[in-house]
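Structure first, commentary second.
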There are 2 protein chains.
Amino acid sequence: MKNISKEDYLSVIFKNLNYDGEIKPNIIAAKLSISNAAVTDMLKKLAKDGFVVYKRYKGIQLTEEGESYARNMVRRHRIWEVFLNQVVGMPWDKVHDEANRLEHSSSDDLIDRLEVMLDYPEYDPHGDPIPSKEGKLPKIKKHRPLSELKENETSTVIRVNDFDESFLKYISKIGIKLKEKITVKERRTFDKSMEILINGKPWNISNKLAQNIFVEMK
Amino acid sequence: MKNISKEDYLSVIFKNLNYDGEIKPNIIAAKLSISNAAVTDMLKKLAKDGFVVYKRYKGIQLTEEGESYARNMVRRHRIWEVFLNQVVGMPWDKVHDEANRLEHSSSDDLIDRLEVMLDYPEYDPHGDPIPSKEGKLPKIKKHRPLSELKENETSTVIRVNDFDESFLKYISKIGIKLKEKITVKERRTFDKSMEILINGKPWNISNKLAQNIFVEMK
DNA sequence: TTAAATTATTAAGCATACTTAAATTAAAAT
DNA sequence: ATTTTAATTTAAGTATGCTTAATAATTTAA
Ligand SMILES: [Mn+2]
Ligand SMILES: [Mn+2]
Ligand SMILES: [Mn+2]
Ligand SMILES: [Mn+2]
């Protein structure tokens, strides 16, 4: 293939399939910030290429080929993120955007070399699992958004959403990182904001922030 | 800018300017393997963008902005090559193609980080000089193609053309690398092929091969 | 210095990946 | 069950970066 747009469509589809393995066009459009019409267009092409199953007005599915292509894109993305973070020393709030471009520009050979250098990492800097060359995903602990914790519950951060630089920058600043313990001290019904304890220090965070941080579900 | 095509045009123009700082469209077309018509088209766009000076039927020049953009592209390319070769362990015959894609997909910040990691390298794996962030090129020794050496002359390889994988693979195989000494034992007028000595071993090489290897001019 | 060859430009057309607007279908609300 | 809203598709159009064919200008050779 080798087509940045198509690769981005496949990644978005793969990462947003529902429990039936389907996705609706408007979700794709929203994630890619393009019109629904453009998505319809592209879905027809992807179907002709054999990457998706497309029937008008029905949920979109990935074919086996589409899924494996998409999974490989996710692999590329996350291996780049680990590499940029661990080897190049780029902060975790910068690696996602950089990887979003590099993922389309590297040979499988390069990705494999990076993986070896990194000694086969299983998770990216934000806690997302990295598919192996064979397409297998490592197990990831059950988790839920921090926003769902009850008052006085404590849990451990195991994943954060990685697509917004300023979000990551801010949570780093207040001491949130992977494996960090967080306690919810107070939940406010009015705006769902909460007071949390990190390293003994109290912070007020919005519901939207809490929705993008994921903690262990024991 | 951020446009792969335009970046490639600027690189090719920069690397192929004649001594008057000009280049003709057909050279660009040949280097990019596209039609002359496409080049005329794009030159108009690049002129409108302020990157080149374009007057119908005249030699093309880079503006100051165009030159600095192009120089930075060359910098990106060569830093990637060094990184891939030295850090990732990719052989020198593979790094050019990989860098040709990565050069368009990396932030200046990433390039600068790679440069620091590599401790400000001055030459790429093929002996080409790397422009500094400020656009300065390190001095490179005077050199000439191996094909111009006289019989029984010996000289040191300081640069090789990097755009053909099989060429690089072959010359590696027969022991040619940077800083290697080569002696010309015999030159044949018929096809300009020559017998050379590398590490005491004799090899027959074609004129075309010899034209792509550059040795010190003392 | 004229003719021939080469190079450059224009013109028309194509594929890709978008857009907005209008029409159609499906889903949700009453 | 009907209406309203939302999602999807179709249609028409745009910008980009190419193509080939025809034309024009320049360069080279005779
Ligand atoms: Mn990411
Ligand atoms: Mn990530
Ligand atoms: Mn190169
Ligand atoms: Mn090189």
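Below, chains carry the letters A, B, ... as their sequence lines are ordered, and counting in each starts from 1. The structure displayed is predicted, hence computed values, not measured ones.
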How are the rings of B/F83 and A/F83 set relative to one another: parallel (under 30°), tilted (30 to 60°) or perpendicular (over 60°)?
perpendicular
Rounded off to whole Å, could you give me the CE-to-C1' distance for the A/M42 and D/dT9 pair?
16 Å
Output the rounded distance in Å from CG (A/L46) to P (C/dT16).
12 Å
Kindly check if the number of other-residue, nucleotide or ligand heavy atoms within 6.0 Å of NZ (A/K208) is above 12?
no
Regarding A/K45, tell me which of base, sugar-phosphate or nothing describes its non-hydrogen contacts under 4.0 Å with the strands shown.
base
Going by atom types only, do A/Y54 and A/Q61 share a side-chain donor-acceptor pair under 3.5 Å?
no
Whether B/R56 contacts C/dT10 is assessed here as follows: a side-chain N or O lying under 4.0 Å from the phosphate OP1 or OP2. Is that the case?
yes
Taking 4.0 Å as the cut-off, does a side-chain nitrogen or oxygen of A/Y54 come that near to OP1 or OP2 on D/dT9?
yes
Rounded to whole Å, the CG-P distance (A/N36 to D/dA7) equals 8 Å
OP1 or OP2 of C/dT16 under 4.0 Å from side-chain N/O of A/Y9
no
Watson-Crick or G-U wobble partner for D/dA30, using a 3.5 Å limit on both distances?
C/dT1
If we count only N and O atoms by modelled type, under 3.5 Å, do the side chains of A/S107 and B/E98 hold a donor and an acceptor together?
yes
So, is A/N26 close to the D/dT8 phosphate, meaning a side-chain N or O under 4.0 Å from OP1 or OP2?
yes
Proximity to the side chain of A/S35 - top-ranked nucleotide from C/dT20, D/dT8, D/dT19:
C/dT20
To the nearest angstrom, the NZ-C1' distance between A/K55 and D/dT9 comes to 17 Å
Just by distance, with hydrogens left out, do A/H96 and A/D164 show a side-chain donor and acceptor under 3.5 Å apart?
no
Atom CG of A/L43 and atom C1' of D/dA7: how far apart are they, to the nearest Å?
13 Å
Determine whether the side chains of A/E216 and A/H143 contain a donor N or O and an acceptor N or O closer than 3.5 Å.
no
Any side-chain N or O of B/K44 below 4.0 angstrom from OP1/OP2 of C/dT10?
yes
Let me know, please, whether A/A37 or B/K24 comes out on the 5' side of the other along DNA chain C by nearest nucleotide.
B/K24
Which nucleotide in D/dT9, C/dA17, C/dT10 has an atom nearest any side-chain atom of B/T40:
C/dT10
Whole-Å gap separating C1' (C/dA27) and CD1 (A/I27):
14 Å
Atom CD1 of B/I4 and atom C1' of D/dC18 are separated, to the nearest Å, by 15 Å
Can you check the B/Y57 OH to C/dT9 P distance for me, whole Å?
6 Å
Judged by nearest nucleotide, the residue sitting upstream toward the 5' end of DNA chain C, A/D41 or A/K58, is A/D41
Less than 4.0 angstrom between a side-chain N/O of B/S5 and OP1 or OP2 of D/dC18, yes or no?
yes
For B/N3, report the nucleic acid contact type (base, sugar-phosphate, nothing); a contact means any heavy atom under 4.0 Å.
sugar-phosphate
